[in-house]
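Beneath this line is the structure, given in structure tokens, with notes to follow.
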Amino acid sequence: MYELIIKRYVERLTINDIYLYAEKQGVNLQEKDAKIIYDYIKKYWEIFYKGNPTNLFNDLNATR
């Protein structure tokens with residue numbers, strides 16, 4: 001049930017949602033960073049939800 005709710009949320013997620021969330025948290029995102037976050041959520045949400053995202057974080061860290 002939760003997985004379906006998250007899947008539907010991710011399907012409707014926009015990059016503007018990423019900016020708005022960051023702003024509410026007091027974070028100013030650069031366009032490049034917002035795009036990376038958006039892409040990772042869209043592509044890998046299932047791994048973050050029920051898998052082990054360590055390799056994804058390592059990949060992100062390696063590209064910095």
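Between K42 and V10 the shortest heavy-atom distance is NZ-O, 2.6 Å. When all heavy atoms are compared, the tightest approach of R12 to D17 is O-OD2, 4.0 Å.
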| message | Between E23 and N28, does the side-chain contact (heavy atoms from CB on, under 4.5 Å) criterion hold? Intermediate values first, please. | response | CA-CA 6 Å; E23 185 178 303; N28 290 324; 5.5 Å; no

| request: Show your working on side chain to side chain donor-acceptor pair (under 3.5 Å) between N16 and T14 and close with a plain yes or no. | output: CA-CA 5 Å; N16 192 50; T14 67; 5.1 Å; no

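Between I37 atom CD1 and L60 atom CG the span is 9.0 Å, to the nearest 0.5 Å. Here I5 contributes atom CD1 and M1 contributes atom CE; the two are 4.5 Å apart, rounded to the nearest 0.5 Å. The distance from atom CD1 of I15 to atom CG of L20, rounded to the nearest 0.5 Å, is 11.5 Å.
Proximity of D33 to I18: side-chain heavy atoms (C-beta onward) are nowhere separated by under 4.5 Å. For the pair L4/I6, no side-chain contact is recorded, criterion being any heavy-atom separation below 4.5 Å from C-beta on. With a 4.5 Å cut-off on side-chain heavy atoms, F48 and L56 count as touching. Residues E11 and K7 meet the side-chain proximity criterion, which asks for heavy atoms closer than 4.5 Å. No side-chain heavy atom of Y19 sits less than 4.5 Å from a side-chain heavy atom of Y38. By the 4.5 Å heavy-atom criterion applied to side chains, I47 and N52 are not counted as neighbours.
Between Y40 and F57, the ring centre distance reaches or exceeds 6.0 Å.
Sparse packing is recorded around OH of Y21, with 12 or fewer heavy atoms of other residues, nucleotides or ligands lying under 6.0 Å away. Enclosure of atom CD in Q25 by more than 12 non-hydrogen atoms of other residues, nucleotides or ligands within 6.0 angstrom is indicated. More than 12 non-hydrogen atoms from other residues, nucleotides or ligands lie less than 6.0 angstrom from OH of Y49.
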